[in-house]
Colleague: 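Mind looking over this structure? Questions follow.
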Amino acid sequence: MSSGSDQSSPATGRPSGASYAAAGVDIEAGDRAVELMKEWVKKTQRPEVLGGLGGFAGLFDASALKRYERPLLASATDGVGTKVDLARQLGVYDSIGHDLVAMVMDDIVVCGAEPLFMTDYICVGKVHPERVAAIVKGIAEGCVLAGCALVGGETAEHPGLLGPDDFDVAGAGTGVVEADLLLGADRIRTGDAVIAMAASGLHSNGYSLVRHVLFERANLSLDQHVEEFGRTLGEELLEPTKIYSLDCLALTRTTEVHAFSHITGGGLAANLARVIPDGLHAIVDRETWTPAPVFDLVGRTGEVERLELEKTLNMGVGMIAIVPEESADAALATLGDRGVDAWIAGEITERGEHTTGAALIGDYAN
């Protein structure tokens, strides 16, 4: 890739005209990145996907939806926030892809939708083909775990706006659910069980707070070993976000489910409140689980109040399923068979006369 300054023409000795390469964009490096990522994208293919990389649009055969009486398409888009900066510092790029798929597809499955396909957007200051391919490898692996296809994407080089090693990722996904099977607040009833599914760590929310506390205030190092973690701080912070999509779909096939809630930014209280109908609330018992040591480290090191932690981080719960009380044991058995750590964390009750706020989830928020 040529530098940003104009080069002299060998024939005339006069400055040559401007070029895309001289402006900092390396098209050949981008083509090389596409070649490197093809094998990983291929692993995500579903029978409904037509064509391959290189077209202007990804194609998905919608005739596959004819088996639905009234198919509803569900869509979501997201990124992974400032967690990408830790990946950049550590030179570890594939785990970020898992995070991206989880943030998108676990939102889609909340309504009971089956993930179908996803596209990604990778923005870099300079295209390093192997680095871009590693990011896409992680996205592809995440798509396999979510049961969806990666049908396309975009890699954009932004010299002058981003440093040569800077990057960001975003993605969008689509799923489908039968209208009569749509999950949500209207299905929830008094007495329903609140089942929590364990998080794999911080997931991909709250990293602005985490980075501020651990690195700006405490001057900790990513490569330092932390005894409570049994590994380095960087390894703990880059732990990929758990992808629950297929686990949630398995629940809907084996037992009755009324709603799911993906615990992301805003924490357990705010996200669970999004699926609680008017007149009801959820009482969640903190004593039913112990958050992983990383949450204590953030709180203790930054002297962060408990309520602030709960508003920002998942505190050890990545997904909630709300099921009829009589279905709770079957739901736990299904999740256990799939290797998901889950437990009954609370129940749905009528809203008490002393509770306030439409988004209250009860004792957990008090």
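If you're wondering where the values come from, they're calculated on a predicted model, not measured in any experiment. Counting from 1, the numbers follow the sequence of the chain as shown.
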Colleague: Please check if I96 and V136 belong to a single hydrophobic cluster, counting links between Ile, Leu, Val, Met, Phe, Trp and Tyr side chain heavy atoms closer than 4.5 Å.
Modeller: yes

Colleague: Should R70 and D180 count as an ion pair when the cut-off is N to O under 4.0 Å?
Modeller: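 Between D180 and R70 there is no salt bridge, as every charged N stays at least 4.0 Å from the carboxylate O atoms.
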
Colleague: Consider salt bridge (Lys or Arg N to Asp or Glu O under 4.0 Å). Of K126, R131, R88, which one does D166 pass it with?
Modeller: R88

Colleague: Within the distance-only criterion (no hydrogens, no angle test), does the side chain of Q224 pair as donor or acceptor with the backbone N or O of L233 below 3.5 angstrom?
Modeller: no

Colleague: Donor-acceptor pair, distance only, cut-off 3.5 Å: does the side chain of W289 make one with the backbone of A198?
Modeller: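 No; judged by distance alone, with no hydrogens or angles, the pair does not exist.
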
Colleague: Main chain of A330, side chain of T334: is a donor-acceptor contact present, judged purely on distance under 3.5 Å?
Modeller: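 Yes.
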
Colleague: With a 4.0 Å cut-off on N to O distance, would you call R67 and E48 a salt bridge?
Modeller: no

Colleague: According to a 4.5 Å side-chain heavy-atom criterion applied to Ile, Leu, Val, Met, Phe, Trp and Tyr, with indirect links allowed, do L246 and I263 form part of one hydrophobic cluster?
Modeller: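 Different clusters.
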
Colleague: Run the side-chain hydrogen bond (donor to acceptor under 3.5 Å, both in side chains) test on D99 and T241 for me, step by step, so that the C-alpha distance in whole Å, both residues' side-chain angles and the decisive distance to 0.1 Å come before the verdict.
Modeller: CA-CA 5 Å; D99 293 308; T241 304; 2.6 Å; yes

Colleague: Tell me whether the rings of F60 and F117 are parallel (<30°), tilted (30 to 60°) or perpendicular (>60°).
Modeller: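 Answer is tilted, since the angle falls between 30° and 60°.
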
Colleague: Do T77 side-chain atoms and G171 backbone N/O form a donor-acceptor pair below 3.5 Å?
Modeller: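 Here the side-chain-to-backbone pair exists.
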
Colleague: Using modelled atom types and a 3.5 Å cut-off, is there a donor and acceptor pairing between side-chain atoms of E157 and backbone atoms of V127?
Modeller: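 Indeed, once roles are kept as given, a pair shorter than 3.5 Å links the two residues.
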
Colleague: Do L251 and I322 belong to the same hydrophobic cluster, where Ile, Leu, Val, Met, Phe, Trp and Tyr are linked whenever their side-chain heavy atoms lie under 4.5 Å apart, directly or via other members?
Modeller: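 Different clusters: L251 never reaches I322 through Ile, Leu, Val, Met, Phe, Trp or Tyr contacts under 4.5 Å.
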
Colleague: Charged N to carboxylate O under 4.0 angstrom, K242 versus D106?
Modeller: no

Colleague: Restricting to side-chain contact (heavy atoms from CB on, under 4.5 Å), what partner residues turn up for L182, sequence neighbours left out?
Modeller: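 Applying side-chain contact (heavy atoms from CB on, under 4.5 Å) to L182 gives L72, C111, V177.
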
Colleague: Distance alone, cut at 3.5 Å: any donor-acceptor contact between the side chains of T349 and H281?
Modeller: yes

Colleague: Ignoring hydrogens and angles, tell me if any N or O in the side chain of H262 forms a donor-acceptor pair with the backbone of M105 under 3.5 Å.
Modeller: no

Colleague: Can you get from V317 to M319 by hopping between Ile, Leu, Val, Met, Phe, Trp and Tyr side chains that sit under 4.5 Å apart?
Modeller: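 V317 does not cluster with M319.
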
Colleague: Under a 3.5 Å distance rule, please check whether N205 uses its side chain to pair with a backbone N or O of T312 as donor and acceptor.
Modeller: no

Colleague: Charged N to carboxylate O below 4.0 Å: is that the case for E256 and R189?
Modeller: no

Colleague: Group every Ile, Leu, Val, Met, Phe, Trp and Tyr by side-chain heavy-atom contacts under 4.5 Å, then state whether L209 and M315 land in the same group.
Modeller: yes

Colleague: Scan side-chain atoms only and decide if T232 and D223 contain a donor-acceptor pair under the 3.5 Å cut-off.
Modeller: no

Colleague: Can we call the ring centroids of Y244 and F260 under 6.0 Å apart?
Modeller: no

Colleague: Listed by chain and number, what are the side-chain contact (heavy atoms from CB on, under 4.5 Å) partners of K311, not counting sequence neighbours?
Modeller: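 K311 satisfies side-chain contact (heavy atoms from CB on, under 4.5 Å) with L307, E308 once adjacent residues are dropped.
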
Colleague: Are the side chain of Y93 and the backbone of E130 linked by a donor-acceptor contact shorter than 3.5 Å?
Modeller: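 A pair under 3.5 Å: no.
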
